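Heavy-atom basis, side chains included; hydrogens, waters and symmetry copies ignored. Quick note on labels: first sequence line is chain A, next is B, and so on, each numbered from 1. If you're wondering where the values come from, they're calculated on a predicted model, not measured in any experiment.
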Number of protein chains: 2
Amino acid sequence: MLQNHLQLTCNTMSTHTHLSAAESLITAQGGRVTRTRVAVLEILLAADQSLTHDEIGLALAEQGIKHDRVTLYRTLDWLVESGVAHKMAGDDRARRFGVAASGPHEHAHFHCDRCGKVVCLEGLQPAVAVNLPGGYQLDRAELVLHGACPTCGKGA
Amino acid sequence: MLQNHLQLTCNTMSTHTHLSAAESLITAQGGRVTRTRVAVLEILLAADQSLTHDEIGLALAEQGIKHDRVTLYRTLDWLVESGVAHKMAGDDRARRFGVAASGPHEHAHFHCDRCGKVVCLEGLQPAVAVNLPGGYQLDRAELVLHGACPTCGKGA
DNA sequence: GTGGTTTTGCAACATAGTAGCATTTGTGCC
DNA sequence: GGCACAAATGCTACTATGTTGCAAAACCAC
């Protein structure tokens, strides 16, 4: 899980010009580098799976970063809008967020039906664009695979 | 308030042995044939797209069928549990429901990003089961295509 | 440091879905 | 047809998720 080392990631005022990956991404999008944005993005970058708003909020709290529920929603929305993160709807009614590491919208997700975890499968590209009925214009395809993740599969 | 036309759509007690498709489906699942279930299922059968809980409730009201929000949730849940209908999460936070006409879980959906409509594409089968990382067990694949439906595409 | 704009935090609201329980309604049986 | 019993409904209240408006604070350029 996430450590709570409290390692004072607030280096926006430091004399070093050292920029973390998160900070670079944010400035590249023309946004201001704020405590919340950096922390949220770092959490997403460090995570190997999609996280819900709630999970991210919890991680923020563990790092001692004070934040508001609404701010987190807006931060996540901004990240999605900027193309840095992507949003996806699961079977439960909570949306999950992850960093869009590869192409803009071209990767599949795996949803574990037992533990509810969602991971990104970068290597998979759905072979669609096939027999779509006439008149439909395809923008992007979203592929969600359901089943058991390695952890849950072993237990069975 | 609700009209009191009370047009007695109750044909479960009629002398005919005429059973609608909806009624047959319900009894086949070992469920009771109730006003709400028959009406909901007929609405879903008649629809050429997935409907939200809200849209179904509206359709029920238009037919003068008194119902409760909670009952509708439970009815839909029962239909999904019985395998008669299927549930899918869209980009908005409302779940959509449709009848599972073909196989149990093996068809794709098309989501129109302009009008929000969701239709079932029975003919499409995602060609997955490919390079899934080791340890993952695949149960089913859910493919959602995003783009413009024929109606919205023409306008562009 | 100062000023101006972006973000945040707060409170209140809105929507989607769930839980418990008393009442009603289908259904099998006589 | 009438009865009994379980399933389904309807009601109220509640939780969870997400949104809006606005004043205060933080960020960044100068």
**Prompt:** Looking at C:dG17, does its base get a donor-acceptor pair with the side chain of B:Arg74 below 3.5 Å?
**Reply:** no
**Request:** Check whether the side chain of A:Arg95 and the base of D:dG18 form a donor-acceptor pair under 3.5 Å.
**Result:** no
Expected rows: protein N/O vs nucleotides 23-25 of chain C N/O, under 3.5 Å:
none

**Item:** Five-pair end axes of the helix from C:dG1-D:dC30 to C:dC30-D:dG1, angle between them (10°)
**Value:** 40°
**Prompt:** Does A:His67 have any ring-ring contact (aromatic ring centres under 6.0 Å, His included) partners at least two apart in sequence or in another chain, and if so, which?
**Reply:** none
[X] side chain, from C-beta outward: closest of [options]:
X       : options                : value
A:Val70 : D:dA13, D:dT19, D:dG10 : D:dT19
B:Arg69 : C:dA16, D:dA8, D:dG18  : C:dA16
A:Thr75 : D:dT9, D:dT17, C:dT8   : C:dT8

**Prompt:** Does B:His109 have its ring centroid less than 6.0 Å away from the ring centroid of B:His86?
**Reply:** yes
**Message:** A:Val33 vs A:Arg37, test: side-chain contact (heavy atoms from CB on, under 4.5 Å). Steps then yes/no.
**Reply:** CA-CA 7 Å; A:Val33 178; A:Arg37 275 187 190 165; over 6 Å; no
Can you tell me how far [atom2] of [N] sits from [atom1] of [X], to the nearest Å?
X       : N      : atom1 : atom2 : result
A:Asp54 : D:dT17 : CG    : P     : 6 Å
B:Leu72 : D:dA8  : CG    : P     : 15 Å
B:Leu41 : D:dA8  : CG    : C1'   : 16 Å

**Message:** For C:dT7 and A:Thr36 - does any side-chain N or O of the residue sit under 4.0 Å from the phosphate oxygens OP1/OP2?
**Reply:** no
**Prompt:** Reckon B:Thr71 has a side-chain N or O less than 4.0 Å from the OP1 or OP2 of D:dA8?
**Reply:** no
**Item:** A:Leu44 to A:Phe97 - nearest heavy-atom pair and separation
**Value:** CD2-O, 3.7 Å
